[in-house]
Protein chains: 2
Amino acid sequence: MAKFLHHRLDPASRLIRLICAEYGASLDMEQISPWKREADFMAISPAATLPVIIESGGETIVGPLACINFVEKNYAPTSIATLIPDDDAMQAEMWRMLEWILFKLNDEVTRYVLEEKLGRSERGDGSPQTAVLRAAKTNLHEHILYFDWILGSRAWTAGEEMSLADFALAAHISTLDYLGDMDWSKAGETRDFFARMKSRPSFRPLLADRLVSLPPSANYANLDF
Amino acid sequence: MAKFLHHRLDPASRLIRLICAEYGASLDMEQISPWKREADFMAISPAATLPVIIESGGETIVGPLACINFVEKNYAPTSIATLIPDDDAMQAEMWRMLEWILFKLNDEVTRYVLEEKLGRSERGDGSPQTAVLRAAKTNLHEHILYFDWILGSRAWTAGEEMSLADFALAAHISTLDYLGDMDWSKAGETRDFFARMKSRPSFRPLLADRLVSLPPSANYANLDF
């Protein structure tokens, strides 16, 4: 079984866990704190990027794009439809939304919230900066308006078929929800979408995740939030 | 012929132009200034991301990841080896480096330099902020140290075979070189690599690029720089 370096609240790690669960692939999980930038880990992932898959032959697959492509090529069963749509237009829209979620949403919201609420305490580096958290909150509000609009106009994030983009969005939302940053009163369509994603069997292990130092928000594991 | 919305100095647009030239695919090019955030363009690309391919049927393919996947699927000739290596390990390394170049290098260096030196003047928004340019320069120095180390240990950016990662890196370097931001005295292996890339036929149209408002650095088009 391949080894999987991840962090429970890292959204890219959560995305790969979800895809693997959908495809029925098991991983031997080992938690890493990328915020500590430990030498052993940096030797494998020089940008401190998670997740990392380490194959039994020793090959390392580092970062979300490499892991997505590896899992699609090696773990996707041939008997079921994969999470990459066949149709060119929908495939293009899936990559556009994946890029938005994995890089834009991450860089404007999720990674700041994680750094302030988790990274600092893991490094013993003072308390969260409220100005940064406030900026992330304002950015998140704009992103949710966009996702509400998108999900109001079609069944799934990238179109009428479920795709990798849905799992990427649900992974980020679940991290933000764990940290108490989702204002559900202001997220109509995105809330309905997340309720659907949350009740999938692949989501169960994520809802059981707990960090001892940082417990989840009250309704994190609740399917009826 | 598909329409291609791009900007001459946008590194992701340059990457797609290079891949298409390598594959012998022609594009009907139309320059866009993403910094002006014009309504017509934002309706197509809500994050103001370039490049965009508009198919004759009207399908739009938005952003570097969607364009890379579309070009690989539709324009890669079956008669030559494509720029995505077959081998799992090298493919993983290619995606790791692509992610690094398209997102990390871009977010820490290239997009700041472009915004300060070009975006501001295109919007009529004052002169470049020297503090931002200084930070980008410091970041670029760190990136070049890493690329020097990588290119000192293997023939190409992702391993012993040429791949998409080489064109992504050359695209960013050529933009920074146009803008006069490459300190060639401090880039040994990266310089040798760029000299090899620059002499490929696919690079010629890029070396002929000129912006009226912003001429290139002295040796931009010089193969012996």
Side-chain angles (χ1 to χ4, degrees), chain A residues 2 12 42 44-49 51-55 57-74 84-108 111 142-143 145-147 149-150 158-159 164-165 168, chain B residues 2 12 42 44-49 51-55 57-74 84-108 111 142-143 145-147 149-150 158-159 164-165 168:
Chain A
M42 301 293 284
I44 296 171
S45 178
T49 313
V52 176
I53 296 170
I54 306 178
E55 274 275 276
E59 291 162 26
T60 57
I61 295 101
V62 178
L65 292 187
C67 287
I68 287 171
N69 281 281
F70 182 84
V71 167
E72 279 299 321
K73 191 174 165 189
N74 294 282
I84 299 186
D86 280 332
D87 176 68
D88 270 358
M90 208 181 298
Q91 208 173 88
E93 190 61 2
M94 183 200 80
W95 287 112
R96 182 181 78 83
M97 291 305 299
L98 262 183
E99 188 176 300
W100 186 301
I101 296 159
L102 290 178
F103 301 103
K104 188 176 168 63
L105 175 63
N106 191 57
D107 284 352
E108 294 172 1
R111 87 180 166 103
E142 294 297 320
H143 280 274
L145 286 177
Y146 184 64
F147 298 134
W149 179 78
I150 285 280
L164 293 179
Chain B
M42 300 294 282
I44 297 170
S45 178
T49 314
V52 176
I53 296 172
I54 306 178
E55 275 275 276
E59 290 163 26
T60 56
I61 295 100
V62 178
L65 292 188
C67 286
I68 288 172
N69 280 282
F70 182 83
V71 167
E72 279 299 321
K73 191 173 165 190
N74 294 282
I84 299 186
D86 280 332
D87 177 66
D88 270 358
M90 208 181 297
Q91 210 174 86
E93 189 62 0
M94 182 199 82
W95 286 113
R96 182 181 79 83
M97 292 305 297
L98 262 184
E99 187 175 302
W100 186 301
I101 296 158
L102 290 178
F103 301 102
K104 188 176 166 67
L105 175 63
N106 191 57
D107 285 351
E108 292 172 2
R111 85 180 168 103
E142 294 298 319
H143 280 274
L145 287 177
Y146 183 64
F147 298 135
W149 178 78
I150 285 279
L164 293 179

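Just so it is clear: chains get the letters A, B, ... in the order the sequence lines come, proteins before strands, and each one is counted from 1. It should be emphasised that the depicted structure is a prediction, and the values quoted were computed from it without experimental measurement.
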According to salt bridge (Lys or Arg N to Asp or Glu O under 4.0 Å), who are the partners of B:Asp107, at least two apart in sequence or on a separate chain? B:Arg111

What are the two closest heavy atoms between B:Trp100 and A:Ala47, and how far apart are they? CZ3-CB, 3.5 Å

Can you tell which of A:Pro64, A:Ala89, A:Ser45 has the highest number of heavy-atom pairs within less than 4.5 Å of chain B? A:Pro64

Contact leader toward chain B among A:Ala92, A:Gly63, A:Cys67, where contacts are heavy-atom pairs under 4.5 Å: A:Ala92

Under a 4.5 Å heavy-atom cutoff, which of B:Ile68, B:Ile53, B:Asp88, B:Leu102 has the most pairs with chain A? B:Asp88

With a 4.5 Å limit on heavy-atom distance, are the side chains of A:Leu65 and B:Phe103 in contact? yes

Run the side chain to side chain contact (heavy atoms under 4.5 Å, CB included) check on A:Phe70 and B:Gln91 step by step: do they pass? CA-CA 8 Å; A:Phe70 182 84; B:Gln91 210 174 86; over 6 Å; no

A:Thr49, part contacting chain B, at a heavy-atom distance under 4.5 Å: side chain

Quick check on side-chain contact (heavy atoms from CB on, under 4.5 Å): which of B:Ile61, B:Val52, B:Val62 does A:Arg96 satisfy it with? B:Val62

A:Glu108: side-chain hydrogen bond (donor to acceptor under 3.5 Å, both in side chains) partners, not counting sequence neighbours: A:Lys104, A:His143

